[in-house]
Amino acid sequence: MKKNIKFILITLLLVAILSVALVGCAKKPNLTGGMPEATTYNNNSLVVTQGDYVYFVNGKISVDDIATKKDNKYGNVVKSAIYRAKKDGSDVQVLVPQVAMDSNNSNGITVIGKYLYFTSPSTATGKDGSLLKTNTDFYRVEITGKNLKKLTTLEGNTNQYKFTEEGLIYLESSNLIHLSYKGKKTTIAESVSNSYFPVTTTVKPGETDPTMAVYFTESPEENDGDPYNVIKCVTASGEVKEILSGKDGAFNYSIKSVEREGDTANPATEATIYYEKTEYDNGQNTNLGLFGFKVNKEFAKSADEKQFANSGATVRYISYDEGLYVFADNEMYIPVIENGIAKKGDKVYSLRKSDTTSVAATDIFTIRQEGDKKAMYFFDSNSLLKVEFNDDGTLGLAEELIEANIVTDYVKPILDGDKFYYINSAYYNYMYVVDFSAEDVKHTLFGTRTDADKTAYIQYVKGLDEDNRADHDALIKEDLPATDFE
């Protein structure tokens with residue numbers, strides 16, 4: 001009998017020890033499924049789709065929310081961690097239980113083939129024991145959640161960088177660096193003052209895309225002080241290619257943008273490089289305006305240089321063939337070039353919302369073709385509106401799609417077909433989705449809440465009177481047990 005008691009006590013002790021061990025060691029995700037061979041859409045955002053799956057950042061926190069190491073310890077994180085779900089929002093699973101963010105609000109997560117790439121605030125500590133959370137760690141992980149690898153750490157959290165299929169390209173102390181995923185680090189150029197990191201939104205594994213590179217200008221050492229420079233790029237593999245030299249015309253280039261050409265449903269086979277061009281003549285530098293030309297996926301010129309706008313213009317790019325929009329005096333128009341000067345074209349769109357306010361270029365979320373018309377989506381504070389382009393060169397009446405609560409000062413929302421994904425500031429800064437094509441438009445949580453936020457949300461709804469609760473439930477669809485509201 002004593003032996004049996006002893007055995008039971010030992011067993012209970014082992015269970016207790018194992019329980020403590022399991023609490024201390026977070027289980028690493030090991031997801032099944034995934035479609036690594038599929039084309040990826042909306043890269044460098046908070047919501048990336050690949051095949052039947054959506055990879056997304058589960059809400060927003062700030063660097064200030066990370067007070068100790070445990071706030072960004074792998075396995076502890078729910079809010080702002082990386083999750084995977086089916087496109088209908090079902091089968092939500094954690095992929096990386098770690099904070100995915102930096103303070104550069106133009107950057108999100110990237111999926112290429114079988115890997116997902118992201119950044120996270122550093123959990124290293126300084127000599128004084130302080131948390132170096134304003135530094136940034138760069139990671140790669142398989143889309144199953146396995147084999148998480150830290151690639152490098154950079155000082156600061158507003159770094160310029162680009163994840164490619166073969167390496168990470170970034171600026172560090174004005175030096176342009178290529179870091180191969182195999183570990184080789186190469187300095188491409190030093191003291192870089194002009195560079196552009198394109199966003200490669202659509203990626204098909206194994207296909208070359210001219211936006212899958214970083215473009216920069218360089219003044220050759222052998223130019224003996226002549227006022228010209230050269231546009232170059234560093235590719236995904238770390239190869240440097242010369243794109244355009246200003247030597248013959250004493251031209252100096254300043255890159256303004258690199259924009260993909262063609263259907264966004266497919267990887268880009270061409271891209272247009274836009275730059276301001278300055279000519280040196282008899283001791284004078286003259287800015288000739290905004291120019292551009294197309295390159296193909298071999299990074300060779302595929303369409304000649306042409307002028308698009310005057311120097312210093314506020315613009316929004318359309319395409320090499322169609323041109324671009326210029327914003328000036330509360331108007332938007334596609335310019336025509338006459339003797340090197342850009343002037344208003346035939347269609348001039350008024351951007352006035354009222355006698356005193358207008359839509360600014362920075363308010364515009366996207367302009368896209370919908371059927372036989374173009375539509376412009378823009379933000380008004382934290383609401384979303386849509387307006388169609390009329391054939392006579394005017395804009396129609398704006399329709400308010402979402403009244404409020406869109407977070408617009410972070411990584412921008414995503415409009416994927418008719419689905420709009422955004423961070424909802426009214427309900428604890430989580431990811432929400434709304435389908436504009438549905439008859440009964442509902443704003444639905446896309447992901448999962450922390451237990452604390454879920455409890456707070458329930459208490460909030462409980463505190464509403466019957467009428468307001470009904471209005472609330474009509475606006476926000478949640479899968480919460482009915483008993484929680486009794």
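Listed for the K412 side chain is a donor-acceptor partner under 3.5 Å among the backbone atoms of T408. For K87 (side chain) and G51 (main-chain N/O), a donor-acceptor pair under 3.5 Å exists by modelled atom type. With T164 contributing its side chain and E166 its backbone, the two residues share a donor-acceptor pair below 3.5 Å. Under a 3.5 Å cut-off, the side chain of H178 and the backbone N or O of A236 do form a donor-acceptor pair. Within the 3.5 Å criterion, the main-chain N or O of G156 finds a donor-acceptor partner in the side chain of N159. Put simply, the side chain of E261 gets close to the backbone of Y320: a donor and an acceptor are under 3.5 Å apart. For the pair T202 (side chain) and Y41 (backbone), a donor-acceptor distance under 3.5 Å is absent. In this structure, N43 contributes its side chain and V111 its backbone to a donor-acceptor pair below 3.5 Å. N157 places no side-chain N or O within 3.5 Å of a backbone atom of D102 that could act as its donor or acceptor partner. When atom types are taken as modelled, the side chain of D418 and the backbone of S437 share no donor-acceptor pair closer than 3.5 angstrom.
L401 CG to I406 CD1: the interatomic distance, rounded to the nearest 0.5 Å, is 8.5 Å. One finds the CE atom of M101 at 12.0 Å from the NZ atom of K79 (value rounded to the nearest 0.5 Å). A distance of 6.5 Å separates CG in D91 from CZ in R84, rounded to the nearest 0.5 Å. Taken to the nearest 0.5 Å, the OH atom of Y430 stands 9.0 Å off from the OG atom of S80. Between atom OH of residue Y275 and atom CZ of residue F291 there is a gap of 7.5 Å, rounded to the nearest 0.5 Å. Distance check, rounded to the nearest 0.5 Å: OG1 of T110 to OH of Y115 gives 15.5 Å.
Counting non-hydrogen atoms of other residues, nucleotides and ligands closer than 6.0 Å to CD of E400 gives a total above 12. Open room surrounds CG on D329; 12 or fewer heavy atoms of other groups in view lie less than 6.0 Å from it. Atom CG of D346 has 12 or fewer heavy atoms from other residues, nucleotides or ligands within 6.0 Å. When the shell of 6.0 Å around CD of E370 is examined, it contains more than 12 heavy atoms from other residues, nucleotides or ligands. Other residues, nucleotides and ligands contribute at most 12 non-hydrogen atoms within 6.0 Å of the NZ atom of K70.
Annotation: cation-pi pair R140/F163 absent, no NZ/CZ under 6.0 Å from the ring centroid and within 45° of its normal. Seen from the ring of F389, K373 does not count as a face-on cation partner, given the 6.0 Å and 45° thresholds. Relative to the six-membered ring of F197, K162 misses at least one condition, a distance below 6.0 Å or an angle of at most 45° to the axis.
Using a cut-off of 4.0 Å between Lys/Arg side-chain N and Asp/Glu carboxylate O, K374 and E322 are scored as salt-bridged. Between E259 and K294 no salt bridge is recorded (no basic side-chain N to carboxylate O distance below 4.0 Å).
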task = Please test D71 against K73 for salt bridge (Lys or Arg N to Asp or Glu O under 4.0 Å), starting from the C-alpha separation and ending with a verdict.
result = CA-CA 6 Å; D71 294 328; K73 182 180 178 182; over 6 Å; no
query = Going through the checks in order, is the side-chain contact (heavy atoms from CB on, under 4.5 Å) test met by Y432 and I423?
reply = CA-CA 6 Å; Y432 274 71; I423 299 293; over 6 Å; no
request  = Walk me through it: do Y274 and F308 pass the test ring pair (Phe, Tyr, Trp, His ring centres under 6.0 Å)?
outcome  = CA-CA 9 Å; Y274 295 91; F308 290 90; 5.1 Å; yes
inquiry  = If you apply the rule salt bridge (Lys or Arg N to Asp or Glu O under 4.0 Å), what do you find for K114 with E165, and how did you get there?
reply    = CA-CA 10 Å; K114 71 174 187 176; E165 64 267 60; over 6 Å; no
task = With salt bridge (Lys or Arg N to Asp or Glu O under 4.0 Å) as the test, would you mind laying out the steps for D209 and K297 before giving the verdict?
result = CA-CA 5 Å; D209 185 321; K297 59 185 181 179; over 6 Å; no
query = Could you go step by step and tell me if R260 and E270 meet the salt bridge (Lys or Arg N to Asp or Glu O under 4.0 Å) rule?
reply = CA-CA 6 Å; R260 58 167 292 137; E270 292 182 304; over 6 Å; no
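Legend: residues meeting ring-ring contact (aromatic ring centres under 6.0 Å, His included) with Y139, ordered by chain and number and at least two apart, are F118. Taking the ring-ring contact (aromatic ring centres under 6.0 Å, His included) definition, one finds that F56 meets it with F446, sequence neighbours left out. A search for side-chain contact (heavy atoms from CB on, under 4.5 Å) contacts involving A404 returns nothing, not counting sequence neighbours.
Residues Y253 and E276 fail the side-chain proximity criterion, which asks for heavy atoms closer than 4.5 Å. With contacts defined as side-chain heavy-atom distances shorter than 4.5 Å, the pair N424/L445 does not qualify. Using a 4.5 Å cut-off on side-chain heavy atoms (C-beta onward), T362 and I364 make no contact. Counting heavy atoms from C-beta outward, T40 and V48 have side chains that approach closer than 4.5 Å. Residues Y170 and Q160 form no side-chain contact, since every pair of their non-hydrogen atoms from C-beta on lies 4.5 Å or further apart. V315 places none of its side-chain heavy atoms less than 4.5 Å from the side chain of F327. Side-chain contact check for N194 versus I255: some heavy-atom pair is nearer than 4.5 Å. Between E207 and P267 there is a side-chain heavy-atom pair separated by less than 4.5 Å.
The minimum heavy-atom distance linking G34 with Y55 is given by the pair CA-OH, 4.2 Å. Looking at every heavy atom in both residues, D137 comes nearest to S122 through OD2-CA, 3.4 Å. Listed here is the closest heavy atom pair of I188 and G238: CD1-O, 3.8 Å. Of all non-hydrogen atoms in I367 and M376, the two that sit nearest each other are CG1-CG, 3.8 Å. Of all non-hydrogen atoms in S195 and L171, the two that sit nearest each other are OG-CD1, 3.6 Å. Minimum interatomic distance between V78 and N58 (heavy atoms only, all atoms of both residues): O-ND2, 3.2 Å.
The closest side-chain donor-acceptor pair between S90 and D88 falls under 3.5 angstrom. In this model, a donor atom of one side chain and an acceptor atom of the other lie less than 3.5 Å apart for N390 and T394. N135 and E155 are not linked by any side-chain donor-acceptor pair at a separation below 3.5 angstrom, with hydrogens and angles left out of the test. A side-chain N or O of T200 and one of T211 form a donor-acceptor pair less than 3.5 Å apart.
Ring centroid separation for the pair F138 and Y161 comes in under the 6.0 Å cut-off. Checked against the 6.0 Å centroid threshold, Y349 and Y333 do not count as a close aromatic pair. Checked against the 6.0 Å centroid criterion, the rings of F216 and Y196 do not qualify as a close aromatic pair.
For the ring pair (Phe, Tyr, Trp, His ring centres under 6.0 Å) criterion with F365, the lone passing option out of F420, Y422, F378 is F420.
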